[in-house]
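Shown next, in structure tokens, is the structure this report addresses.
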Amino acid sequence: AMEKSYVSMFLLLVCIACALAKDVGKKDTKDTKDTKDTKHTKESAAKPKLPQTLSRGWGDQLIWTQTYEEALFRAKHSNKPLMIIHHLEDCPHSQALKKAFAEHKEIQKLAEKFILLNLVYETTDKNLAPDGQYVPRILFIDPSLTVRADITGRYSNRLYAYEPSDISLLYSNMQKALKLLKTEL
């Protein structure tokens with residue numbers, strides 16, 4: 001009986017050791033990658049390190065809010081329009097739009113004037129799905145916290161959908177959202 005408990009004790013130690021090694025391994029690979037990629041280390045040294053997960057690839061140098069509530073609060077108090085992107089990581093349409101959005105220099109520049117939020121899940125706010133919960137869809141909300149039903153894409157069956165080929169329309173819709181501020185509020 002004595003031997004058995006030794007064996008199980010030994011197995012337990014082996015498991016713990018493996019788990020620790022896994023964590024250490026993870027850390028190591030990250031660090032070595034950072035030092036090799038000098039551009040990366042320079043940037044992270046210059047800017048405070050933000051968790052890049054919030055951008056989810058839509059613009060790593062932009063400031064993204066974490067939650068819908070935070071985004072609404074910021075829009076209201078900063079008097080900036082809010083741009084909400086609904087997307088899914090494993091949706092090819094979302095991926096394609098994300099790539100077009102992230103690589104469009106003017107859009108990335110203009111996006112700095114917005115409160116930004118990208119979501120991979122639906123909120124409980126029905127106003128964010130005026131014509132259904134499809135992805136990718138992009139909605140604009142003004143600082144009075146009104147969803148702008150007047151800023152739409154080119155598809156009548158999915159009003160807030162954009163494809164990579166619609167990227168210039170999205171750009172002019174962003175300009176429109178900023179103009180509304182000046183004329184209405």
Side-chain angles (χ1 to χ4, degrees), residues 37 39-40 43 47 50-76 78-185:
D37 187 355
K39 186 172 148 262
H40 185 80
E43 272 176 23
K47 286 183 188 169
L50 284 166
Q52 284 312 317
T53 47
L54 286 182
S55 84
R56 296 192 182 91
W58 288 86
D60 291 344
Q61 76 297 339
L62 295 166
I63 296 164
W64 295 86
T65 47
Q66 199 155 0
T67 63
Y68 179 47
E69 292 68 31
E70 180 198 347
L72 289 176
F73 180 85
R74 288 206 191 173
K76 192 175 177 178
S78 65
N79 206 28
K80 285 180 175 179
L82 164 60
M83 179 174 177
I84 297 188
I85 304 171
H86 286 88
H87 63 109
L88 285 172
E89 295 294 352
D90 54 2
C91 155
H93 299 285
S94 296
Q95 293 285 13
L97 184 63
K98 176 197 295 194
K99 192 172 183 294
F101 187 91
E103 288 172 2
H104 194 291
K105 289 192 174 55
E106 286 89 359
I107 278 187
Q108 291 288 310
K109 190 87 199 97
L110 198 59
E112 293 173 6
K113 299 189 159 100
F114 287 81
I115 303 297
L116 298 166
L117 177 67
N118 70 76
L119 294 175
V120 286
Y121 52 88
E122 293 291 338
T123 66
T124 50
D125 188 345
K126 293 286 173 282
N127 297 315
L128 289 189
D131 63 344
Q133 297 188 337
Y134 49 88
V135 294
R137 70 179 195 278
I138 299 179
L139 289 107
F140 295 93
I141 297 177
D142 67 30
S144 74
L145 305 190
T146 306
V147 173
R148 300 307 309 210
D150 50 349
I151 305 181
T152 55
R154 68 172 86 245
Y155 309 101
S156 53
N157 59 337
R158 293 188 162 193
L159 291 175
Y160 306 96
Y162 297 86
E163 290 189 4
S165 55
D166 308 323
I167 203 78
S168 55
L169 172 64
L170 178 57
Y171 180 64
S172 61
N173 277 350
M174 288 169 73
Q175 290 175 311
K176 192 170 162 189
L178 288 166
K179 268 197 204 89
L180 287 173
L181 285 185
K182 295 192 179 68
T183 54
E184 288 186 8
L185 302 172

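Asn118 contributes a side-chain N or O that, together with a main-chain N or O of Ser55, makes up a donor-acceptor pair within less than 3.5 Å. Between the Ser78 side chain and the Arg74 main chain, a donor and an acceptor come within less than 3.5 Å of each other. No donor-acceptor pair closer than 3.5 Å links the side chain of Glu163 to the backbone N or O of Leu97.
In this structure the side chain of His86 reaches within 4.5 angstrom of the side chain of Leu139, judged on heavy atoms. Inter-residue side-chain proximity for Arg56 and Glu89 is flagged as met; some heavy-atom pair is nearer than 4.5 Å. Residues Leu110 and Met83 fail the side-chain proximity criterion, which asks for heavy atoms closer than 4.5 Å. For the pair Phe140 and Leu180, the minimum side-chain heavy-atom distance is 4.5 Å or more. When side chains are defined from C-beta on, Phe101 counts as touching Gln108, because their heavy atoms get closer than 4.5 Å. Under the 4.5 Å side-chain criterion, counting only non-hydrogen atoms from C-beta, Trp58 is in contact with Trp64.
Put simply, the residue from Leu117, Ile138, Leu116, Val135 that forms a side-chain contact (heavy atoms from CB on, under 4.5 Å) with Ile85 is Ile138.
In Tyr134, the OH atom is crowded: over 12 heavy atoms of neighbouring residues, nucleotides or ligands sit closer than 6.0 Å. Counting heavy atoms of neighbouring residues, nucleotides and ligands inside a 6.0 Å radius, atom NZ of Lys99 does not exceed 12 of them. When the shell of 6.0 Å around CD of Gln66 is examined, it contains 12 or fewer heavy atoms from other residues, nucleotides or ligands. Crowding of His93 atom NE2: a count of heavy atoms from other residues, nucleotides or ligands under 6.0 Å not exceeding 12.
By the side chain to side chain contact (heavy atoms under 4.5 Å, CB included) test, Ala96 pairs with Pro164, sequence neighbours left out.
Within the structure, the salt bridge (charged side-chain N to carboxylate O under 4.0 Å, His left out) test picks out the following pairs touching residues 108-121 (sequence neighbours left out): Lys109-Glu112.
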